[in-house]
Amino acid sequence: MNSFNEEIDRHNTHSVKWDHTDDIFQKEALLPMWVADMDFKAPEKVIEVLMERVKHGVFGYSMPTQNTRNVVKDWLERRHDWSIDNDWIVFTSGVVPAIAAAINTYTSKDDKVLIQSPVYYPFRDMIEKNDRIVVDNPLVLESGTYKMDFEDLEQKVKDPAVKMLLLCNPHNPVGRVWTCDELTTLANLCVQHDVLIVSDDIHFDLILKGNEHTLISTLSSEIEANTITCISPSKTFNIAGLQASAIVIPDEKKREQYEDYMKKMGLFAPNALGILGIEAAYTHGEKWLDELLIYLEDNLSYLTAFIKENLPEIRVIQPEGTYLVWLDFRSLQLNHEELEAFIQNEAKLALDEGYIFGEGGKGFERINIACPRSTLEKGLKQLENAFRK
Ligand SMILES: Cc1ncc(COP(=O)(O)O)c(C=O)c1O
């Protein structure tokens, strides 16, 4: 358990967070608490399996095997109550490229795709960069909790040009783990109006105490056939750099269309270490994951208590899942540029600015708490000092 307290120097590992923050933020000496990976080592056994493979020394072409399919199938059954056929899985080198592939496979130029902002910003980028049109069904913040606006959604799904909805569950950045009722209402509207659901469940193993995650595909066979589910062990076990993910497409015709598109673009399965990463993490990682969740919950309690006591100007939107915390700075009445300058120049922090997630994110910041407690303490102290100045 205490291994999560270890401060690991991640410099000189090509880390986006630790080697590229200066460049990306165009500022020096910011404490990076942004991009969604963790500052922890992967489970020991996963490291061992990868080391053995590296020691083997031959890195020729590789492909997932029946075993790779089975470990994903077992994980979904054991931890997520979803029984799938092993051949429903298409392996990809990441969830972002998989979503881009889905947009290209199932929609055409000028079709409309729904998102629910504030949301993981590559969703909007991928839609727009592929010449599709974003239709936003913004989330609504009510008494500290984000809700879906179903009246608005119902109006928007009726538009025949709307062909797809990108669901984020757990939702990045607001931390909601959508309930069965919410998912059922959303899914029924989509099925009724023939809107394909692409469900990004990449954070689905990171569920905080008292909450329960539901895969939207498990709600009914009709919904299952109308959904593409994107999962990966990358967030769960901190192996995002291995770029390996599994896309579950139960409907045979849709799966063929998707595989055709992948072939057309020359997109192949994950690399040798990515494949092994999936197998090792889902086979050996469960106990580590249970310990990780306790550590993350403790970090969240620490952050919540610290802010309550020392920074009452900030409101913590309590996450139900993920290790990302959405902080409301609107009481400062700064515009988003002023807030960004304050966070970077005064607090010396590199956070994800709320506005990048959509209009409703203005006045918010996203902080990543998947770090040793000492890093979290340091970051919060820097924030407090900036306020006191
Ligand atoms: C909701 C969501 N989807 C996808 C990704 C990235 O997926 P990948 O690294 O597999 O492309 C992230 C990373 O932060 C994310 O938060």
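Computed over heavy atoms, backbone and side chain alike; hydrogens, waters and symmetry mates excluded. Ligands are counted one by one from 1 in listed order, and the atoms in each one are counted from 1 as well.
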Chemist: Find all atoms of ligand 1 within a distance of less than 4.0 Å from any non-hydrogen atom belonging to G94, and give their numbers and elements.
Modeler: 10 (O), 11 (O)

Chemist: Go through it in stages, so that I can follow the logic: the residues are S199 and T229, the test is side chain to side chain donor-acceptor pair (under 3.5 Å), and I'd like the CA-CA distance, side-chain angles, deciding distance and then a yes or no.
Modeler: CA-CA 5 Å; S199 184; T229 302; 5.2 Å; no

Chemist: What is the closest protein heavy atom to atom 3 (N) of ligand 1, and at what distance does it sit?
Modeler: D200 OD2, 2.5 Å

Chemist: Number the atoms of ligand 1 from 1 as they appear, then name those within less than 4.0 Å of a heavy atom of A36, with their elements.
Modeler: 14 (O)

Chemist: Testing E182, H171, Q116 one by one against R176 for a side-chain hydrogen bond (donor to acceptor under 3.5 Å, both in side chains), which residue passes?
Modeler: E182

Chemist: Which protein heavy atom lies closest to atom 7 (O) of ligand 1, and at what distance to 0.1 Å?
Modeler: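 For this ligand atom, the closest protein heavy atom is I202 CD1, 3.3 Å.
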
Chemist: Ring centres of W288 and Y295 under 6.0 Å apart?
Modeler: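 Distance test on ring centres: not under 6.0 Å, no.
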
Chemist: Would you say V95 has any N or O atom under 3.5 Å from an N or O of ligand 1, going by distance alone?
Modeler: yes

Chemist: Under 4.0 Å, heavy atoms only, figure out whether ligand 1 is touched by the backbone of S232, its side chain, both or neither.
Modeler: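 No part of S232 comes within reach of ligand 1.
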
Chemist: Of all the non-hydrogen atoms in the protein, which one sits nearest to atom 5 (C) of ligand 1, and at what distance?
Modeler: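 Protein heavy atom with the smallest distance to atom 5 (C) of ligand 1: Y120 OH, 3.3 Å.
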
Chemist: With respect to atom 14 (O) of ligand 1, which of H203, K235, Q243 exhibits the smallest heavy-atom separation?
Modeler: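 Answer by nearest heavy atom: K235.
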
Chemist: What atoms of ligand 1 come closer than 4.0 angstrom to any heavy atom of C168?
Modeler: 1 (C)

Chemist: Got a protein heavy atom sitting under 4.0 Å from atom 16 (O) of ligand 1?
Modeler: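 Yes, there is a protein heavy atom closer to it than 4.0 Å.
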
Chemist: Take R255 and E252, measure what salt bridge (charged side-chain N to carboxylate O under 4.0 Å, His left out) needs, and give me the verdict at the end.
Modeler: CA-CA 5 Å; R255 196 166 57 250; E252 194 177 342; 5.0 Å; no

Chemist: Salt bridge or not between K253 and E256? Use side-chain N to carboxylate O under 4.0 Å.
Modeler: no

Chemist: Any ion pair linking E313 and R388 (charged N to carboxylate O, less than 4.0 Å)?
Modeler: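 Looking at E313 together with R388, the answer is yes, because their closest N to O distance falls below 4.0 Å.
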
Chemist: Looking at N86, is its backbone amide N or carbonyl O close enough to the side chain of R69 to form a donor-acceptor pair, meaning the two atoms are under 3.5 Å apart?
Modeler: yes

Chemist: Below the 3.5 angstrom mark, is there an N/O of V96, backbone or side chain, next to an N/O of ligand 1?
Modeler: yes

Chemist: Are the aromatic rings of Y355 and Y121 close, with centres under 6.0 Å apart?
Modeler: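 Ring centres of Y121 and Y355 not closer than 6.0 Å.
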
Chemist: Please indicate whether any nitrogen or oxygen in N172 is less than 3.5 Å from any nitrogen or oxygen in ligand 1.
Modeler: yes

